[in-house]
Amino acid sequence: MPATAASPGPPALVWFRNDLRLADNPALQAALDGGYTPIPVYIHAPDEAGDWRPGAASDAWRHRSLDALDSGLRQRGSHLRRFFGPSLATLQSLVATTGAEAVFWNRRYEPAFEQRDARIKQVLRGQGVHAESFNSALLFEPWTLKTQQGKPFRVFTPFWRSALANWRLEPCMEAPARLPDSGEGPEGVPLQALRLAPARGWDSTFWESWTPGEEGALQALEAFTDGALRGYAQQRDRPDRIGTSRLSPHLHFGEIAPWRVVAALDRLRGSAADADLDAARRELGWREFGYHLLHHFPQTPDLNFDPKFNAFDWAQVSPSHLQAWQHGRTGVPIVDAGMRELWSTGWMHNRVRMVVASYLTKHLRYHWRHGARWFWDTLVDADLASNTLGWQWVAGTGADAAPYFRIFNPVTQAQKFDPEGRYIARWLPELAALPLPLRFAPWQDPATSQRLAPDYPLQPLVDLYAGRDGALKAYRQLRVS
DNA sequence: TGGCACTTAGC
DNA sequence: CTAAGTGCC
C-alpha cells in the first residue's frame, strides 16, 4: 500500500553508495513503491574497499556530491543520515533502532564490494529483514551478456555488438516530488565529520570546472548534447577543445543514470549526426565493458590480464623519475601538460591519458600499476573498472589491448591532436612563448628553448627514440623466452 | 583509439 | 620529390 502523508508506512533503509541521485534510483523507488518510509543513509567505510580505498580527489568529489544529495532530499522533506562503518554492523544497528523492515540498495561491481554486499544481504535476510539490491549504474549488468559459448567477452567489438542486439533501456523515472521522513533512530554524524574534504583546500581549483551532484550532472548532460556532441566523433580526440562529454565523474558517483544519457542521445536521432550519436553511445559501451571485465576477472586491478606479461622486464622505478611524471616535469610537453591538467582539475582528457600512459609504460617502461595508482589518487572520476581497463589496454597487458609495440610518439600525438599547441600552452604557461614546432619538442633547439622557456626541463627524462627502442627490446625478449 | 622503415606510383 | 601503401615491431 503506498504511503501517504497521513499514514506513513513502516521505515525502510535506503543505503546510498555510488548512486547519489534521486531520479532513476531503483532502490529509492522500491522503498516508495513498497509503501515504506525511506530512511536515506550513507555509511563511510573506506577500509571495506580493500586495496582500492578511494583516493583524495575522489573523496573531495564525494563530499560535495553527498552534500548535494542531502540538499535534494531536504527540498523534498527528507534528509540524509551519515554514519561510520563497518557497513553490516551499522545497517543491523539501524534496523534495530529505526524498526526498519527492509533495506534497499543499488549494486556495485568492484570485487571487494560484491563479496561484502552478498554477505550483508545474506545476513540481513537471515534475520528476517527484506534486503534487496538493484541495478542503477549499468546498461547491462556484467552477467547479462555472454558469448555463444556462454563465456564472458574479452574483446570489445563483439561485446558491444551483443549489447546492441540485446538493447533494452530502463525507463527514466523523475525524482519523487515529496518524500516522507521518519524521526526514528539515530541521526548520525555531520558531513564534515567524514573528513572527505581536503583539510587544506587544495581542491578549490577543481570546482571552477565541476559541479558535483545530480543537478550538476544534468547540467553537464545538457551542455554536452547542446555543445560537444556536434562533431563528437572527431572532436572528442581534441584536448584543446571542449570535445568530450565530461560526464565521467557524474557517472562514476551515480549522479546520473547511463540510460538517461542514452535517452538524451536517442532524442537527437535525426537532428544530430548518427556518427556522433553512435560514438557517444560507444564510449558508454567502453564503460560497460570495463565493468564486465572487472566482474569476470576480479584480479585484474592488480595483476596482468595476460599472464605472459608476468615475465616482462619492467624497468626498476626511479622515485625521482616517477615523481617527474606525476608532477609534469618529464620534459615532454604533451605529457607534462596532461599531468598538470590532472593535478589542477582532477581530470585529464582521454586522448592525453593514453599518451601519458603510453609514455610511462613504454618510454619509461614502468609497470602500469604505478600509473594506475597515481590516477586512482588524483582523478575525480577514478573508477576501478575504467581505470583498470584503460591502463591494461595501453600497457598491452589487457583484454583486447593495444599490442605492446603500439607506442605513441608524444610529439606526433601533440601535433595531430593539439595542432596549435594551445592545450600545451594552457597547462604549461612557461612554454607559451615557444614558437609552434618547438613547443611540441623543446629539445630540438636547446638554445631557443633555454632563452624563451628557462623554467621548463630542457633535458627530457629519456630520449624518445631510446625509450621506444628499450620498450621494443623488452617486448622482443618476452616473445622469444 | 600507432609508428616507422621501406616500397611504389605518380609527378 | 611526395603521397600513399605495406609489413613489421
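Chain letters run A, B, ... following the sequence lines, proteins first and then strands; every chain starts at 1. Both backbone and side-chain heavy atoms feed into the values below; hydrogens, waters and symmetry mates do not. In this text, all values refer to a predicted model and were calculated from it rather than measured experimentally.
Each of A/Phe140, A/Phe113, A/Trp143, A/Tyr109 was scored for a ring pair (Phe, Tyr, Trp, His ring centres under 6.0 Å) with A/His295, with one residue passing: A/Trp143.
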For a side-chain hydrogen bond (donor to acceptor under 3.5 Å, both in side chains) check, start with the C-alpha distance between A/Asn106 and A/Asn25, then their side-chain angles and the critical distance, and finish with the verdict. CA-CA 8 Å; A/Asn106 294 308; A/Asn25 191 318; 2.7 Å; yes
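Between A/Phe104 and A/Ser133, every side-chain heavy-atom pair lies at or beyond the 4.5 Å cut-off. At a threshold of 4.5 Å between non-hydrogen side-chain atoms, the residues A/His367 and A/Val317 do not count as touching.
Taking atom NE2 of residue A/His349 and atom C1' of nucleotide B/dT1, one finds them 12 Å apart after rounding to whole Å. One atom, CD of A/Gln235, and another, P of B/dT1, lie 18 Å apart when rounded to the nearest Å. As a whole-Å value, the separation of A/Trp286 CH2 from B/dT1 C1' is 8 Å.
Screening residues 455-466 of chain A for side chain to side chain donor-acceptor pair (under 3.5 Å) gives A/Asp336-A/Tyr456 as the qualifying pairs, with residues at least two apart or on separate chains.
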If the sugar-phosphate is the primed atoms plus P, OP1 and OP2 and the base is the rest, what is the B/S/- string for nucleotides 2-7 of chain B, using protein heavy atoms under 4.0 Å? BSS---
